Amino acid sequence: MKLPLKALLPVVVGLALAALPVPAGLAPYAWHYFAIFAAVVVGLVFEPIPAAAIGVMGVTLAALFRLVPVKPPTPPTTSQAISWALSGFSNGTVWLIFIAFMFALGYEKTGLGRRISLTLIKVLGKKTLGLGYAVACADAVLAPFMPSNTARSGGTIFPIIKNIPPLYGSTPDNEPRKIGSYIMWVALATTCVTSSLFLTGLAPNLLAVSVIEKTANIRLDWTTWFVAIAPVGIILFLAVPLLSYFIYPPTQKESADAPIWAGKELEAMGPISRKELTMAGLALFALLLWIFGGKFLNSTTTAFIALCLMLLFKVITWDDLLANKQAWNVLMWFATLVALAGGLAKTGFLTWFAQGVAAHLAGYSLTTVMVALVVVFFAIHYIFASVTAHVTALMAVFLTAAAAVPGMNMKVMALMLGTSLGIMGILTPFATGPSPIYYGSGYIPAKDFWRLGFIFGLIFLGVFLAVGIPWMLTMGG
């Protein structure tokens, strides 16, 4: 059987790196571990097989060859090696991600997510610009509770808004710019912003928090994250529909039929159900505990409480939980990636790498170093097809490089890198989960998608640097 190139590439990269001479100052086991890690990252970028399977293979190989010592440089025992491989499954953040997918399922099963989106279209959708803000608001309402922007935007928002352009004769083949192109771009750009604005708005944010804690010993909670990014996030959220209106203008300025259509859909749904009200109450309960209960309850404990209540009130059933393949897939995926990312630090690779990078940053001001690291971290996402892969490959490396710079405020640096993850999803047609969905809709041609991604990427990064960095520095860490 002939294997495709993308299936061979991770193996070739891993073997090639392992065959190279071990760099000076690095232990052989650390270099060989990095070879496996690099192969995993290449696999995550090209995905010849499911990402979760790639993660499982990575930790299995590292455990098999006993490459991650408990006390360097002594090799781990076989039991210690498997304990490391399974360490991601005891990580609270991983389980928080899993439970958050159950929140998304609750929104879907009860119909609450659809009702919220249709209501906003009915209220705000008389003009095309207002329709843009309706789409944006629908995403913002769901974002704190749906960490998969693919499920939130691609699975909840897109199926609703795709029905609107045909009302005006705007299809991918006939006058897409009339209204369809504008709505699709606003939906994608907005979900990138809300993915940065809320810690629980993007699953890789939660992975990043775990990597930050393991690498820099800094814990970031929901409130700290939101306060840090709020000035940038709110500015961009308010600006996206208007910017899109001028940069990629619709030719149809009125959308009087959209509220009528949304009203009919709401009528068909009937009055709000008990399960919808229950779901809304549980979502609000969890959000309030995440914001105000951090001193008393761990965020994952809060999520477990909410999950138990969802089961008790039959918002979802145990069979629903067992059948949620996406949630179990993400659990396997993130648990292995957390272990793999932690292994870079345990082997000493990150310390070695950071010392080399720090030598090239010497002599520059701390602010200059911060800006340079953020810009590179953001721009390099052009080569990634997954924010998760980006976090796995680079977060710990950039943090360790920053830590090697004398006087660096690591909490601020961690916030800068972490909160930039969502907005970098705007860059390419494959930069984040919903991107291929909106690109595949046919309303935004490839040349327009790349052009808009570059323009909005510059805008997002410019606002982040001009507003976000000074604000985070004033927070003092």
Side-chain angles (χ1 to χ4, degrees), residues 50-53 55-56 58-59 82-108 143-152 195 198-215 218-225 279 282-283 285-291 293-313 315-343 387-388 391-392 395 418 421 433:
V56 169
V59 294
I82 192 62
S83 294
W84 164 80
L86 297 174
S87 61
F89 291 95
S90 64
N91 183 281
T93 302
V94 171
W95 286 100
L96 177 60
I97 295 170
F98 174 81
I99 296 171
F101 273 88
M102 299 307 154
F103 271 90
L105 180 62
Y107 270 98
E108 179 185 346
F145 312 101
M146 297 182 74
S148 168
N149 60 2
T150 305
R152 179 174 76 248
S195 292
F198 302 106
L199 174 60
T200 46
L202 182 69
N205 290 347
L206 298 161
L207 176 63
V209 166
S210 179
V211 174
I212 288 166
E213 185 173 358
K214 285 179 174 291
T215 306
I218 294 170
R219 296 192 66 182
L220 300 177
D221 58 27
W222 196 97
T223 306
T224 301
W225 181 287
M279 183 65 219
L282 291 176
F285 166 76
L287 182 60
L288 290 174
L289 279 182
W290 281 330
I291 296 173
K295 293 181 179 179
F296 312 103
L297 284 175
N298 179 276
S299 58
T300 305
T301 304
T302 295
F304 267 109
I305 293 171
L307 174 61
C308 291
L309 292 173
M310 288 172 70
L311 291 167
L312 285 172
F313 286 108
V315 173
I316 62 172
T317 67
W318 188 253
D319 286 339
D320 292 330
L321 185 148
L322 294 177
N324 194 332
K325 292 182 180 180
Q326 186 182 22
W328 291 108
N329 179 65
V330 167
L331 178 69
M332 293 291 295
W333 182 12
F334 275 54
T336 53
L337 292 183
V338 165
L340 286 167
V387 180
T388 302
V391 172
T392 305
M395 179 61 76
L421 293 171

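The analysis underlying the following values was restricted to heavy atoms, covering all of them including side chains, and did not include hydrogens, waters or symmetry mates. What you are looking at is a predicted structure, and each value in this text was computed from that prediction instead of being measured.
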Which residues pass the side-chain contact (heavy atoms from CB on, under 4.5 Å) test with S90, sequence neighbours left out? none
Please list, chain by chain and in numerical order, all residues satisfying side chain to side chain donor-acceptor pair (under 3.5 Å) with N324, sequence neighbours excluded. none
By side chain to side chain donor-acceptor pair (under 3.5 Å), which residues pair with S210, not counting sequence neighbours? N91
Might you point out which heavy atoms bring F103 and A283 nearest each other, and give the distance in Å? CE2-CA, 4.0 Å
Distance check, rounded to the nearest 0.5 Å: I316 atom CD1 versus Y107 atom OH? 13.5 Å
To the nearest 0.5 Å, atom CH2 of W225 lies from atom OG1 of T223 at 13.0 Å
Please table the atom pairs, donor to acceptor, closer than 3.5 Å between any side-chain atom in residues 329-343 and protein atoms at least two apart or in another chain.
from, atom 1, to, atom 2, distance (Å)
T336, OG1, M332, O, 3.0
T336, OG1, W333, O, 2.8

Over all heavy atoms of both residues, which pair between W222 and P144 is shortest? Give the atoms and the distance, please. CZ2-CB, 4.4 Å
Show the atom names and distances, to 0.1 Å, of all donor-acceptor pairs under 3.5 Å that link a side chain in residues 305-312 to residues at least two apart or in another chain.
none

Beyond-backbone contact of L321 with M102, side-chain heavy atoms, under 4.5 angstrom: yes
Pairwise distance CZ(F296) to CG(L289) - rounded to 0.5 angstrom: 10.5 Å
Check P204 against V387 and note the closest heavy-atom contact, atom names and distance. CB-CG1, 3.6 Å
Using the test side chain to side chain donor-acceptor pair (under 3.5 Å), find all partners of T392 that sit at least two apart in sequence or belong to another chain. none
Donor-acceptor pair, T200 side chain versus F145 backbone, under 3.5 Å? no
Smallest separation among heavy atoms of R152 and S195, with atom names: NH2-OG, 3.1 Å
Verify, without hydrogens or angle tests, whether T224 (side chain) and L220 (backbone) share a donor-acceptor contact under 3.5 angstrom. no
What pairs meet the salt bridge (Lys or Arg N to Asp or Glu O under 4.0 Å) rule with one or both residues in residues 200-215, with sequence neighbours excluded? E213-R219
Holding to side chain to side chain donor-acceptor pair (under 3.5 Å), I want the full list of residues that pass it with T302, two or more places apart in sequence or in another chain. none
Sequence neighbours excluded, which residues qualify as side-chain contact (heavy atoms from CB on, under 4.5 Å) partners of T300? W95, L96, N298, F304
So, do L421 and M395 sit near enough that their side-chain heavy atoms are less than 4.5 Å apart? yes
